[in-house]
Amino acid sequence: MVLTVDLRGHGDTGGEINWFAAAVDVQTWLDWLREQPGVRADAISMVGASIGANLALIGCANDDDCVTAIALSPGLVYYSLKTESSISNQLSKRSALLIASQTDQYSADSVKQLVNSATGDIGARIYAGTAHGTQLFEVSDAVREGLITLIVSWLDEHTVTEN
């Protein structure tokens with residue numbers, strides 16, 4: 001099962017953007033997801049792009065049962081949402097895959113710094129170009145296919161399967 005959401009003030013949600021409330025919303029989504037039929041509480045992973053990457057990293061770090069987070073173009077700090085302490089402390093028993101473009105300078109530098117401060121199972125991939133967040137899927141067919149393969153492989157490797 002996949003749950004996709006609109007953040008406050010985005011898409012069909014309306015209302016005002018509130019990043020601190022969005023960080024709390026992530027836990028609400030995880031709690032709701034775990035209550036759904038057929039969802040295994042021990043096999044939930046989070047994926048986010050740009051500010052959503054930070055929310056995925058922070059949300060997974062703050063949720064004891066989150067297995068892994070995949071972050072496309074994370075930043076050390078986006079709108080006061082800081083990722084470094086999440087990576088170095090709370091994610092030490094979980095995993096995260098960090099992805100950015102080389103000349104999306106802030107995200108690329110953030111990924112490098114997050115990898116250097118990490119204590120858990122952290123993977124990183126820096127692509128050529130300037131694409132940010134979900135724009136990485138639009139670079140070329142080869143990049144899109146490689147990115148999809150990377151994400152699916154990461155999830156396969158880091159998500160416990162039922163016996």
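Start at 1 with the first residue, then count along the sequence. Note that these values count all heavy atoms, side chains included, but never hydrogens, waters or copies made by symmetry.
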Out of curiosity, does [Y] fall in the hydrophobic cluster containing [X] (side-chain heavy atoms, cut-off under 4.5 Å, transitive links)?
{"X": "Leu55", "Y": "Ile17", "result": "yes"}
{"X": "Leu98", "Y": "Val77", "result": "yes"}
{"X": "Leu33", "Y": "Ile58", "result": "yes"}

Closest approach of [X] to [Y] (non-hydrogen atoms, all atoms of both residues):
{"X": "Thr130", "Y": "Asp104", "answer": "O-CB, 3.9 Å"}
{"X": "Leu57", "Y": "Ala96", "answer": "CD2-CB, 3.9 Å"}
{"X": "Met46", "Y": "Val26", "answer": "CE-CG1, 3.1 Å"}
{"X": "Asn54", "Y": "Pro74", "answer": "OD1-CA, 3.5 Å"}
{"X": "Ala56", "Y": "Gly48", "answer": "CB-N, 3.9 Å"}

Sequence neighbours left out, what passes side-chain hydrogen bond (donor to acceptor under 3.5 Å, both in side chains) with [X]? Give chain and number order.
{"X": "Asp31", "answer": "Gln27"}
{"X": "Ser73", "answer": "none"}
{"X": "Asp109", "answer": "Gln105"}

Taking atom [atom1] of [X] and atom [atom2] of [Y], what is their separation to the nearest 0.5 Å?
{"X": "Leu72", "Y": "Ile151", "atom1": "CG", "atom2": "CD1", "value": "5.0 Å"}
{"X": "Arg125", "Y": "Leu97", "atom1": "CZ", "atom2": "CG", "value": "10.5 Å"}
{"X": "Ser107", "Y": "Ile99", "atom1": "OG", "atom2": "CD1", "value": "11.5 Å"}

Can you give each donor-acceptor pair under 3.5 Å made by side-chain atoms of residues 142-150, sequence neighbours left out, with the distance rounded to 0.1 Å?
{"from": "Arg144", "atom 1": "NH1", "to": "Phe137", "atom 2": "O", "distance (Å)": "3.3"}
{"from": "Arg144", "atom 1": "NH2", "to": "Asp141", "atom 2": "OD1", "distance (Å)": "2.3"}
{"from": "Thr149", "atom 1": "OG1", "to": "Glu145", "atom 2": "O", "distance (Å)": "2.9"}

By side chain to side chain contact (heavy atoms under 4.5 Å, CB included) - contacts of [X] (at least two apart):
{"X": "Ala124", "answer": "Val111, Val115"}
{"X": "Ser50", "answer": "Tyr78, His132"}
{"X": "Val5", "answer": "Leu3, Trp29"}
{"X": "Ala131", "answer": "Ser101, Gln135, Leu136, Val139"}

Check your understanding: How would you list all residue pairs meeting salt bridge (Lys or Arg N to Asp or Glu O under 4.0 Å) that involve residues 43-63, not counting sequence neighbours?
Key ->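 Listed once each, the pairs are Arg34-Asp63.
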Exercise for review: Kindly state each residue pair satisfying salt bridge (Lys or Arg N to Asp or Glu O under 4.0 Å) with at least one member in residues 14-27, sequence neighbours excluded.
Suggested key: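 Residue pairs with at least one partner in residues 14-27: Arg8-Asp25.
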Exercise for review: Only one of Thr68, Asp121, Thr159 passes side-chain hydrogen bond (donor to acceptor under 3.5 Å, both in side chains) with Ser95; say which it is.
Suggested key: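 So, applying the side-chain hydrogen bond (donor to acceptor under 3.5 Å, both in side chains) to Ser95 and each of Thr68, Asp121, Thr159, only Thr68 qualifies.
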Do the non-hydrogen side-chain atoms of [X] and [Y] ever get within less than 4.5 Å of each other?
{"X": "Ile122", "Y": "Leu114", "result": "no"}
{"X": "Ile44", "Y": "Leu30", "result": "yes"}
{"X": "Trp154", "Y": "Asp156", "result": "no"}

**Study point:** Sequence neighbours excluded - ring pair (Phe, Tyr, Trp, His ring centres under 6.0 Å) pairs with any residue from residues 41-63
**Key:**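 Residue pairs passing ring pair (Phe, Tyr, Trp, His ring centres under 6.0 Å), neighbours aside: none found.
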Point to revise | Residues Arg94, Asp64; criterion side chain to side chain contact (heavy atoms under 4.5 Å, CB included); working and verdict | key: CA-CA 9 Å; Arg94 281 162 261 160; Asp64 290 337; 4.2 Å; yes
